[in-house]
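Count residues from 1 along the sequence.
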Amino acid sequence: MKTEPGPGPSANPAANPAAKPEAAPARRAKPARPAASAERRFAGIGVSPGIAIGPVFDTTEPPSEAPRRSIAESAVEAERERLAAAAAFSRKQIGKLKTRLAVLPEEAQEELEPLLDAYILMLGNSRLLRNAKKRISEELLAAETAVADEAAAIAAAILAAKDDDKAGLNRRAGEVFEIAKRLTRNLLATPFRAMKDLPAGCILVADELTPADAALLEPGRIAGVATEEGGADGHTAIMLRALGIPAVLGCHGLTAAAERGHTVALDGASGRVALHPSAETLAEAKEGLAAHARERARLGKLRRLPALTTDGETVELQANLEIPAELPLIANAGAQGIGLLRTEFLFMNRDDLPDEDAQVAAYAPVVDAMGQDCVTIRVLDWGGEKEMQALSQGVPAAIGPNPALGLRGIRMLLRKPELLEEQFAAILRVAGRGNVRILLPMVTVPAEVAQAREIYDRVAKRVRRRGVELPEKLPPLGAMIETPGAALAADAIALEADFFAIGTNDLAMYTLAVDRAEVDVAHLYDPLHPAVLRLMQFAVEAALRLRMPVSVCGEMAGNPKFTPLLLGLGLRSLSMNASSIPKVKQAVRGLAIDDCARFTRRVMEQSDPKRIAELVAEFAAAPSKGG
Ligand code: PEP
Ligand code: MG
């Protein structure tokens, strides 16, 4: 997570700046809040539409005691690294909390700031960490056991001091325990914790949810999700949309106020969250639920209709697939194939890497289910926010200080070609069952495609030698265009690649230097920024000049407001989360290509993103799309 299975905000002032530190280690009281019946409203980023009403399930409840563990001598280095990583992550969490202090009353700020500073110091080169590391090496203890032992030793020393200020001593000892608990939570925060057994109908409230955590949620079981962290186009948001779980991310203040069992009503479109909703709010939410169901039924009727513009141009609407559980949704949505199968799901929530057979077993049912419709399988895009346990162990060099700019996607696969070879082999083994394409993520230079193709050809020969029948012409090998470098070099990359898939999520992130999953900069994340649109235009034109297939598979493709713009740029293939297909199809069926082209020319003349957003909204709302 880094969802915290540790003490709830009420037990941890660092997790809850509004809670005041008292004598420790007793649980701290929550700040006074209005009577339970008084409604409190919060505003976040609506990332997955739908209304949810239900009791809070707060994953920040205390975990059961971490069991004492010893380690083998050979594991010492890895364990010390694990502790260092947990300390770095904890520092980052507290640093973030500090930036949030500004919203609190001045009195609370004055009290909490020094406390958070003390925590940050304790997470640096402190006695706690130095000695915990020593205990790992000398006593062969697991990191969490070493931390617990050292915290107990430090607290005992503090409490034994000759000082009349007993409350002060208690508080200092408590602070040591608090920081030890945070470290332990982060050490134990394997993403594949029990996300599966959440109470039916609950609303999951958490500081943060990783994409791997989100992948484990059962859509039929939980009503909704609300978190403090997260951005609209991060992978967690994408995963929640894919699962159709109404969700609001970036909802500041909610975890501090909400407790397990409290009632919450949330609107995953507007981002509104009401804690202890009034009768009036509840009635409104229930009406919203019914309206949402009616709208879904109405759009469902479009399933069998073609995605044809009013002037008879066909637009291919495909689905993005994050996890195999979505397969039935894709069939129901009327998708014409899969434009992006993110294979990260296969590598998440496990300690080891899936072998070739395991990959074949995962891809085959998808290819079979899609018949002759195309299935675009993207090879592993590890990195950025998509941390994966198995790879963190296997490719330690890949965990740089800035993973989004590090060994992400194709870079990591070319560094570890055995991973790419295995994945190519698995995909080739299912290629004969249907219509498969292979997509390379995070390409920035043509040479990466050329190198990947060399490996691809080599693997194909090997697979043939093993007796697997492969078509004469191998499945197309395409490149994601999702960095400004790739977009501007699209004409050169087009000479190496068989098709392009434009990833607007990363393209916007890297162009604008805005982390797509980071709530604090979410307001700056804007795929309508002219720089992003110009890069897209450049890439589309490079592909069209060579008559090479090009699609958009970023989140832009699933927003019907953007459909005229994408068609106007020359795109005729869009891949999106399955539940968006009906809305986008409806938009396509109301548009004429000429109008879209005229409208897009107007948009491309603009330099102000706000003006572009206005034009896009006006065009989407206009009954006649005359542009
Ligand atoms: C993108 O970046 O737009 C994309 C489709 O890839 P992902 O969201 O998986 O990074
Ligand atoms: Mg991407």
Side-chain angles (χ1 to χ4, degrees), residues 1-12 15-16 40 42-63 93 185-186 188-232 234-277 285 289 322-323 325-326 348-349 385 517 519:
M1 267 175 203
K2 308 352 172 187
T3 18
E4 304 184 332
S10 56
N12 184 351
N16 171 17
R40 289 188 64 182
F42 300 85
I45 309 169
V47 301
S48 179
I51 307 283
I53 307 167
V56 166
F57 184 82
D58 174 0
T59 59
T60 56
E61 286 293 299
Q93 283 178 320
R185 279 202 305 279
N186 288 327
L188 298 180
T190 46
F192 41 111
R193 265 191 321 272
M195 275 292 150
K196 280 190 159 164
D197 301 318
L198 303 183
C202 75
I203 295 195
L204 175 64
V205 172
D207 284 343
E208 194 178 348
L209 203 66
T210 63
D213 287 321
L216 293 178
L217 296 174
E218 289 179 64
R221 193 169 169 84
I222 74 162
V225 167
T227 67
E228 294 268 337
E229 303 293 333
H235 291 96
T236 300
I238 291 173
M239 193 68 87
L240 291 166
R241 272 197 287 278
L243 293 169
I245 300 174
V248 177
L249 307 187
C251 193
H252 288 178
L254 182 64
T255 53
E259 279 179 21
R260 200 173 274 194
H262 284 168
T263 302
V264 157
L266 66 80
D267 178 344
S270 68
R272 284 197 304 261
V273 177
L275 179 64
H276 314 300
L289 259 177
E322 328 302 319
I323 45 175
E326 286 177 79
M348 284 174 178
N349 300 321
E385 4 136 32
V519 61

Backbone of [Y] reached by a side-chain donor or acceptor of [X] within 3.5 Å:
X: T255; Y: D207; answer: no
X: R40; Y: L275; answer: no
X: S48; Y: I245; answer: yes
X: E228; Y: L254; answer: yes

Is there side-chain contact between [X] and [Y], with heavy atoms separated by less than 4.5 Å?
X: P277; Y: T263; result: yes
X: E229; Y: V519; result: yes
X: T227; Y: T236; result: no

List the residues meeting side chain to side chain donor-acceptor pair (under 3.5 Å) with E326, not counting sequence neighbours, and say none if there are none. none

Spatial distance of atom [atom1] ([X]) from atom [atom2] ([Y]) [nearest 0.5 Å]:
X: L204; Y: I222; atom1: CG; atom2: CD1; result: 5.5 Å
X: L209; Y: M239; atom1: CG; atom2: CE; result: 10.0 Å
X: L217; Y: L240; atom1: CG; atom2: CG; result: 6.5 Å

Pairs flagged by salt bridge (Lys or Arg N to Asp or Glu O under 4.0 Å) wherever residues 45-55 is involved - sequence neighbours left out: none

Identify the heavy atoms of [X] and [Y] that sit nearest to each other, and give their distance.
X: I45; Y: A232; value: CG2-CB, 3.8 Å
X: V248; Y: R272; value: CG2-O, 4.4 Å
X: G201; Y: P55; value: O-CD, 3.5 Å
X: V47; Y: A237; value: CB-CB, 3.8 Å
X: A242; Y: E322; value: CB-CG, 3.5 Å
X: I203; Y: V225; value: CG2-N, 4.3 Å

